[in-house]
Amino acid sequence: MSPRSLKRLHRTELPVATAALARYLIGKTLVRELPQGRITGRIVETEAYLPGDAACHAFRGLTKRNRSLFLEHGHAYVYFIYGSHFMLNVSSGKEGVGAGVLLRAVEPLDGIEWMRKRRSTTRVPGTMCGPGRLAAVLRVSMKLDGLDLCAKGPLWLGTAVRPVGRIGRSIRIGITKDTHRLLRFYERGNPFVSGAKSMRD
DNA sequence: CGGCTGATGATCT
DNA sequence: GATCATCAGCCGG
């Protein structure tokens, strides 16, 4: 099920603006190359973190931790939080602009059996719903921070394998600043989207 | 389903 | 010392 038609997204086709990129990435493919094989998933939920947005990690300027957010759009920004989870983001904006898109949920496409072994849970459907679970299954860690997701490598963005459904929009999940902004995007009705039921319709 | 809580460690004040 | 873009487990309805 890894069709030849799966191609890397070219940087020139990625929207530069953060919210536009967050919306654009819904339905696209996330590809993880591992020694054990390839895992692919369909991106079904994202959140935008804009310049001037108090919830964005770049809000207070460049630091060692958030420097990848300032890379040209299409690079990975990975960080560690709550003592146990890695979060995977796609940088947005031109080089020097601190903004990005958090990948919150992916619908499993290929490599599902291997993914399940990675997680010692009895729950089957929610394998990659939620940013922490997503990173755990795809073995995303700080080693991937700063990676070019438009280039051949261990993690990259690919074209959609099937048409995207209706896209919903809501407030972002789990933040404490700038909470009212409608910067979360998701494919409506997709069972792999995280959050409460009301946040999936 | 929805709501709550403790775990856990890097980062910044 | 506080904060934090979360999660699993547990509880009540």
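Naming: A, B, ... by sequence-line order, numbering from 1 per chain. Given the structure is predicted, the values throughout are model-derived calculations rather than measurements.
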Quick one: does I173(A)'s side chain get under 4.5 Å of M199(A)'s, heavy atoms only? yes
What's the closest nucleotide to the R65(A) side chain, out of dA5(C), dC1(B), dT11(B)? dT11(B)
Presence of T176(A) side-chain N/O under 4.0 Å of dT3(C) phosphate oxygens OP1/OP2: no
What is the distance, to the nearest angstrom, from the OH atom on Y77(A) to the P atom on dA5(C)? 9 Å
Atom CZ of F80(A) and atom C1' of dA5(C): how far apart are they, to the nearest Å? 14 Å
OP1 or OP2 of dC1(B) versus the side-chain N and O atoms of R200(A): is any pair under 4.0 Å? yes
Rounded to the nearest Å, what distance is computed from the NE2 atom of residue H57(A) to the C1' atom of nucleotide dA5(C)? 5 Å
Interatomic distance where CG belongs to D53(A) and P belongs to dA5(C) [whole Å]: 11 Å
d(CZ, R104(A); C1', dC7(C)) in whole Å: 11 Å
If stacking means aromatic ring centre less than 5.5 angstrom from the base's six-membered ring centre, planes under 30°, is Y49(A) stacked on dA5(C)? yes
Using Watson-Crick or G-U wobble geometry with both distances below 3.5 Å, tell me the partner of dG1(C), or none. dC12(B)
Step through it carefully: locate the ring centre of H57(A), locate the ring centre of Y79(A), and say whether they are under 6.0 Å apart. yes
Starting from P on dC12(B), measure out to OH on Y79(A) and report it in whole angstrom. 13 Å
Below the 4.0 Å mark, does dC4(C) have OP1 or OP2 next to a side-chain nitrogen or oxygen of K177(A)? yes
Mark yes or no: R23(A) above the aromatic ring of Y186(A), with NZ or CZ under 6.0 Å from the six-membered ring centre and no more than 45 degrees from the axis. no
Whole angstrom value for the distance that separates P of dC7(C) from CG of L134(A): 9 Å
Classify the nucleic acid contact of K64(A) as base, sugar-phosphate or nothing, counting any heavy atom under 4.0 Å across all strands shown. nothing
Min side-chain heavy-atom separation N89(A)-E47(A) under 4.5 Å: no
For residues R188(A) and I167(A), determine if any side-chain heavy atom of one lies less than 4.5 Å from a side-chain heavy atom of the other. no
Between dG9(C) (P) and R133(A) (CZ): distance, integer Å: 10 Å
